[in-house]
Protein chains: 2
Amino acid sequence: MSEIDFQYQGDTVKDETDIFMKLLKAQNLKLTKQRKYVLDTFLKTEKHVSVDDMYDIVKKAQPQLGYATVFRTLKLLCQCGLATPVYFGDKRIRYEHKYGHKKHIHLICRECGSIIESVSADIENIKNKMCKSNNFIADSYSVDIFGICKKCMKKS
Amino acid sequence: MSEIDFQYQGDTVKDETDIFMKLLKAQNLKLTKQRKYVLDTFLKTEKHVSVDDMYDIVKKAQPQLGYATVFRTLKLLCQCGLATPVYFGDKRIRYEHKYGHKKHIHLICRECGSIIESVSADIENIKNKMCKSNNFIADSYSVDIFGICKKCMKKS
DNA sequence: CTGACTGCAAACCCTTTGCACTAAA
DNA sequence: TTTAGTGCAAAGGGTTTGCAGTCAG
């Protein structure tokens, strides 16, 4: 967890649950066992999970829970700002935690697939500079570095 | 074209054709009309094209040329370093020119879909810094900024 | 001639959706 | 009860591949 910056340490999970409940209420949706389970599983999983990943994890404890429900719940998590989709060029959408996480870049290991998150103040400056010089207004940005992580380096 | 840095101005197309021919020879492949046509079209197209994009362009002049051939030829272009795939999170692989192009970042307009390429010396430094502090060896990296371009800003 | 290439259509793989049944509120 | 949710299975949408006929070398 060292790479990940929690801005809130204490009631994070409670906060996040509240946020999710608020979304449900706002859209006249119901809090079902399945949604709660996917939410809880997501909150416990500090990774960049694809729908398949989540489905596999969830299925172990809740074999009856369907793929589509996982898919739809992850969309809801994005809607309320708890999760956000990320793309690493392998045609698979992954979801990462957004709430309470600082903007970060990704270092993606092509050997083991692990993803390191790293925070840098400089990046924001460069982004702003780039936008200014190109007359561009940014909504979001991503910085991804692909290569080999420390562990895999030692192995080879 | 102001955003794009050609390192070679004169014989670029010839160079690129040679590179392609070299690849074919090295792998015992044949230079067919179709491959030549896709290559030439790619060289003329200063854009981030998906297979569909290329197919549409090519089809206008060569209606009999198939989708699979475009697909396979673009792969070949990547193999010999003339093209490289880029991903902008819309589930579609695009191919951009690699040969003679400096490393750049992308500013992607969510209104008109246009992509500005911009070069920055700072980025490379930050990348190196990030890698060093995380004990990571980079093969490649991407910096993509999503937002609204100058033109679309004026419109709204 | 011979081995590689093409174009078609089908297979893949992940994402998304329609629908009849089920369950929150 | 009412209205939304679930799980299944099928549809989408892009990428990739198998194959029989075709062509470059």
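These numbers were taken from a predicted model, which means no experiment stands behind them. Quick note on labels: first sequence line is chain A, next is B, and so on, each numbered from 1.
Per the geometry, NZ belonging to B:Lys25 stands 13 Å off C1' belonging to D:dA24, to the nearest Å. When the P atom of D:dA24 is taken as reference, atom CE of B:Met21 falls 14 Å away, rounded to whole Å. The distance from atom CG of B:Leu31 to atom P of D:dG25 is 6 Å, rounded to the nearest whole Å. Going from atom CG of B:Leu74 over to atom P of D:dT15 covers 10 Å, rounded to whole Å. Taking atom OH of A:Tyr37 as the reference point, atom C1' of D:dG5 lies 19 Å away to the nearest angstrom.
The ring-ring contact (aromatic ring centres under 6.0 Å, His included) test applied to A:Phe42 returns A:His97, not counting sequence neighbours. In this structure, the ring-ring contact (aromatic ring centres under 6.0 Å, His included) partners of A:Tyr55, at least two apart in sequence or on a different chain, are A:Tyr67. For the salt bridge (Lys or Arg N to Asp or Glu O under 4.0 Å) test, residues two or more places apart in sequence or in another chain that qualify with A:Asp90 are A:Arg94. Residues that satisfy the salt bridge (Lys or Arg N to Asp or Glu O under 4.0 Å) test with B:Arg92, not counting sequence neighbours, are absent from this structure. Judged as a salt bridge (Lys or Arg N to Asp or Glu O under 4.0 Å), and not counting sequence neighbours, the contacts of B:Lys127 are B:Glu124. Residues meeting the salt bridge (Lys or Arg N to Asp or Glu O under 4.0 Å) test with B:Asp40, sequence neighbours left out: B:Lys36. Residues forming a ring-ring contact (aromatic ring centres under 6.0 Å, His included) with A:His104 (at least two apart in sequence, or on another chain): A:His106. Residues satisfying the side chain to side chain contact (heavy atoms under 4.5 Å, CB included) criterion with B:Thr41, sequence neighbours excluded, are B:Tyr37, B:Thr45, B:Met54, B:Ile57, B:Val58.
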(message) Protein within reach of the bases, or only the backbone? For nucleotides 1-12 of chain C, mark each nucleotide 5' to 3' as B, S or -, using heavy atoms under 4.0 Å.
(response) --BSSBBB----

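Taking side-chain N and O atoms only, B:Lys75 has a distance below 4.0 Å to OP1 or OP2 of D:dT16.
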Which donor-acceptor pairs under 3.5 Å do side chains of residues 75-86 of chain B form with protein atoms, sequence neighbours excluded?
| residue | atom | partner | partner atom | Å |
| --- | --- | --- | --- | --- |
| B:Gln79 | OE1 | B:Gln27 | NE2 | 2.7 |

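Taking hydrophobic clusters as Ile, Leu, Val, Met, Phe, Trp and Tyr residues chained together by side-chain heavy-atom distances below 4.5 Å, A:Val143 does not share a cluster with B:Phe146.
Summary of helix geometry: the two end axes of the helix from C:dC1-D:dG25 to C:dA25-D:dT1, each defined by five base pairs via their C1' atoms, are inclined to each other by 30° (rounded to 10°).
Tested against B:Glu117 for a side-chain hydrogen bond (donor to acceptor under 3.5 Å, both in side chains), the candidates B:Lys102, B:His48, B:Lys103 yield a single pass: B:His48.
Listed by residue number, the members of residues 79-94 of chain A with any heavy atom below 4.0 angstrom from DNA chain C are A:Lys91, A:Arg92, A:Ile93.
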